[in-house]
**Q** 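Handing you a structure now.
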Amino acid sequence: DVGGKFARAAPADATESRRFLSMRWWLGLAFAAVAGLTALAVVALFSARTENALRAYAEEFAVGNAVAASEALANLGDRDTAAIREETARLAAGRGIDLFVFDASGQLVASAEGPNSGWDRVPDGPAALRLALQKRRHIRPIGDGSSFVIGLRIPAGPAAALVAYSTRPEFQEQLSIIRSVFLRAAVVAFAVGAAFGFLIAGLIAGRLTRLAKAARAIGDGGFGAPTYDAFPDEVGSLATSIEAMRLRLQRLFEELQNERRRLKSLLEGFTEGVLLIGRDFRVEYANGQARSLLGLGTNVGDLSVTEMPLGAGVRDVARELFAAGSPQRLRVDDGDHSFVVSGIPPARDRETAIIAIRDESQRERHERAQRQFATNAAHQLRTPLASIVTAVEMLQTGAKEEVESRDRFLEIIERESQRLSRLTQALLVLARAKASEE
C-alpha cells in the first residue's frame with residue numbers, strides 16, 4: 001500500500017520494556033502507610049496523655065491519702081504513743097498505703113507497712129523525712145509512676161513528721177489495658193485505612209487504565225472507541241483532553257488517508273516508473289509503470305534492487321543518492337531498450353529515496369522514424385521539383401519556340417506537378433492521422 005510506505009517516513013519509536021507496578025498497589029500501600037502512621041501517631045499521643053493523666057491521678061490520690069493521714073494524726077492531740085500507733089495502723093489499712101510517723105528528733109514513733117516493705121526499703125525515705133521535719137513537702141514518683149514517696153509535716157501533737165509510701169500495682173494493669181485497647185484501635189484504623197486506600201487506589205487505577213487503553217488504541221490507529229470519564233476531577237479532565245485529541249487525530253487521519261489515496265492514484269497514473277528504495281536497497285514501493293517496465297509482480301515488498309532487471313543501474317543511483325544527498329541521473333541500455341534512471345535523495349529525517357525510471361526506447365524509435373520519414377519525403381519531393389526546374393530551364397533556353405519540345409516539357413511539368421500534389425495530399429493525410437483527426 002502506497003499510503004503505508006509513505007507513512008513510514010520516520011522510524012517508529014521503540015517502547016522500552018520496563019517492570020510494571022500497578023498504581024492500585026503502590027497507591028494502596030501509600031494509603032495504608034499513611035493510615036498506619038496516622039494511627040500510630042494518634043495512639044502515641046492519646047496513650048501518652050492517658051498515661052500522664054493516670055500518673056497525675058495516682059499522684060493526687062497518694063498525696064490526698066497522705067494529707068488525710070497527717071490531719072487525722074494531728075487531731076489526736078497529746079495522746080500517747082499507743083494511740084498514735086493504733087491510728088497509724090488504722091489509716092494505713094483503710095487507705096492502702098505504708099505510713100511512717102516520726103517525732104521532732106527524727107525517731108520512728110509508729111509505722112504501718114506491708115509484709116514486703118519497711119522503712120529501709122522506702123526509696124528516698126531519709127530525704128522525705130528531712131524535708132518534712134523542715135516543714136517542707138516532699139513528693140516523688142518512683143519508677144514508672146505507680147509508686148510515690150510523700151513526706152509531710154504533722155501540724156500538732158507529739159508526732160512531727162509523716163512519710164507515706166503509696167504503691168498502686170493496678171496502675172500498671174490499667175496502663176496495659178489502655179495500651180492494648182489503643183493498639184487494637186490502631187490495628188483496626190490501619191486495616192480500615194488500608195482497605196479504603198486500596199479501594200480508592202483501585203478506582204483511580206481503573207480509570208487511568210481505561211485512559212491508557214484508549215491512548216494505546218489511538219496510538220495503534222484505532223479511533224472508533226470514544227473516551228469518557230464523567231467524574232469532574234483531573235482524571236476526568238484528562239479523559240476529555242484525550243477524547244478531543246482522538247477526534248482531531250481521527251479527522252487528520254481521514255484527511256491523510258484521502259491524500260494517500262490521491263497520491264497513489266497520481267503515482268499509478270504516471271507514465272514513468274516510480275520506486276521507493278530504502279537504505280538497505282530494498283524496494284518498498286513500485287507503481288504500476290515500474291512493475292511493467294521491470295517485469296515485477298504485484299508484491300514487491302522486501303525485493304532487493306539486485307534481484308530485478310536494471311538492478312545494477314538502480315543500485316548505483318540509489319548509492320549515490322544516499323551518499324551524496326543530491327539528485328542523480330543515469331542512462332542504462334540493455335541492448336533492446338534504453339532507460340533513464342533518475343532519483344531524488346531522502347530528506348534529512350527520512351530513510352527512503354525516490355527513483356524514477358523512464359523508457360526512452362519508444363521515443364528514440366519515433367525520432368528515428370521521423371528522421372527517416374523526413375528524409376524519404378525530401379527525396380520524394382526533390383525528384384518532381386528537379387524535373388519541373390529542368391523543364392522550365394529548357395523552355396527558357398529556347399525550347400518554347402519549338403512546338404514539339406514545348407509540348408513535351410509542358411507535359412513533364414504537368415505530370416510532376418500532379419505528383420507534387422499527390423505527395424502534398426499524402427503528407428496532409430499523415431498529419432491529420434497523427435492528430436487523430438483521421
Side-chain angles (χ1 to χ4, degrees), residues 43-182:
V43 166
L45 175 63
F46 281 95
S47 178
R49 289 184 176 180
T50 303
E51 290 182 10
N52 292 334
L54 286 177
R55 289 192 179 95
Y57 171 76
E59 180 178 347
E60 291 176 359
F61 184 76
V63 171
N65 285 333
V67 170
S70 172
E71 292 177 352
L73 292 173
N75 291 332
L76 292 178
D78 295 332
R79 298 181 66 177
D80 57 8
T81 304
I84 292 175
R85 291 175 178 170
E86 181 180 351
E87 183 65 14
T88 299
R90 187 185 68 80
L91 290 172
R95 296 187 178 275
I97 59 176
D98 297 341
L99 293 176
F100 303 91
V101 182
F102 298 86
D103 60 12
S105 62
Q107 296 295 321
L108 183 63
V109 176
S111 65
E113 66 272 7
N116 296 324
S117 64
W119 174 247
D120 57 343
R121 296 183 179 179
V122 177
D124 207 21
L129 175 59
R130 184 174 62 255
L131 291 176
L133 291 175
Q134 295 175 2
K135 298 182 180 181
R136 295 165 61 186
R137 178 176 292 187
H138 174 82
I139 303 172
R140 180 187 173 189
I142 304 299
D144 56 2
S146 61
S147 300
F148 291 88
V149 175
I150 303 164
L152 299 173
R153 175 73 177 176
I154 298 176
L162 177 144
V163 176
Y165 181 40
S166 175
T167 59
R168 310 293 298 182
E170 68 275 9
F171 176 75
Q172 283 298 326
E173 297 178 359
Q174 293 172 354
L175 283 181
S176 298
I177 293 173
I178 291 173
R179 288 170 179 169
S180 177
V181 170
F182 279 148

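All values reported here derive from a predicted model rather than from experimental measurement.
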**Q** Taking the side chain as C-beta and beyond, is there a heavy-atom pair between I154 and V101 under 4.5 Å?
**A**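 A side-chain contact exists here, since the closest heavy-atom pair is under 4.5 Å.
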**Q** Rounded to the nearest 0.5 Å, how far apart are OG1 of T167 and CG of D98?
**A**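 Going from OG1 on T167 over to CG on D98, the span is 6.0 Å.
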**Q** So does V109 get a backbone contact from the side chain of R85, meaning a donor-acceptor N/O pair under 3.5 Å?
**A**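 Yes, R85 side chain to V109 backbone: donor-acceptor pair under 3.5 Å.
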**Q** To the nearest 0.5 Å, what is the distance between CZ (R153) and CZ (R136)?
**A**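 Going from CZ on R153 over to CZ on R136, the span is 13.5 Å.
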**Q** Should F148 and N65 count as side-chain neighbours, where that means a heavy-atom distance under 4.5 Å?
**A**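 Not in contact.
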**Q** Looking only at heavy atoms, which two atoms of A72 and E87 are closest? And how far apart?
**A**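 Heavy atoms of A72 and E87 come nearest at CB-OE2, 3.9 Å.
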**Q** Would you say the side chain of V67 lies within less than 4.5 Å of the side chain of R137, judging by non-hydrogen atoms?
**A**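 In short, these two side chains touch, coming nearer than 4.5 Å.
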**Q** Treating S70 as the side-chain partner and A66 as the backbone partner, does any N or O pair qualify as donor plus acceptor under 3.5 Å?
**A**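 Not at all, since once roles are kept as given, no pair shorter than 3.5 Å links the two residues.
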**Q** Work out which heavy atom in L129 is nearest to a heavy atom in G106; give both atom names and the distance.
**A**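 Taking L129 first and G106 second, the nearest heavy atoms are CD2-O, 4.1 Å.
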**Q** Give, for atom CG of L162 and atom CD of E71, the distance between the pair rounded to the nearest 0.5 Å.
**A**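 Going from the CG atom of L162 to the CD atom of E71 covers 11.5 Å.
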**Q** Go through the steps to decide whether L73 and L91 satisfy the test side-chain contact (heavy atoms from CB on, under 4.5 Å), and finish with yes or no.
**A** CA-CA 9 Å; L73 292 173; L91 290 172; 4.2 Å; yes
**Q** Looking only at heavy atoms, what is the nearest atom pair of A132 and G151, with distance?
**A**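 It is CB-C, 3.9 Å.
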**Q** Out of the candidates L152, L131, V163, only one should pair with H138 under the side chain to side chain contact (heavy atoms under 4.5 Å, CB included) rule; please name it.
**A**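 Going through the options one by one, the only one that passes is L131.
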**Q** Write down the atom of A89, the atom of A112, and the distance for their closest heavy-atom approach.
**A**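 Scanning both residues completely, I find the closest heavy atoms to be CA-CB, 3.8 Å.
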**Q** What pair of heavy atoms forms the shortest contact from L133 to A161, and how long is it?
**A**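 What the structure gives for the nearest pair is CD2-CB, 3.6 Å.
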**Q** State the CZ-CZ distance between R95 and F61, to the nearest 0.5 angstrom.
**A**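 Answer for the CZ-CZ pair, R95 versus F61, is 8.0 Å.
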**Q** Do you know the tightest heavy-atom contact between P126 and W119?
**A**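 So the two residues come closest at N-CZ2, 3.9 Å.
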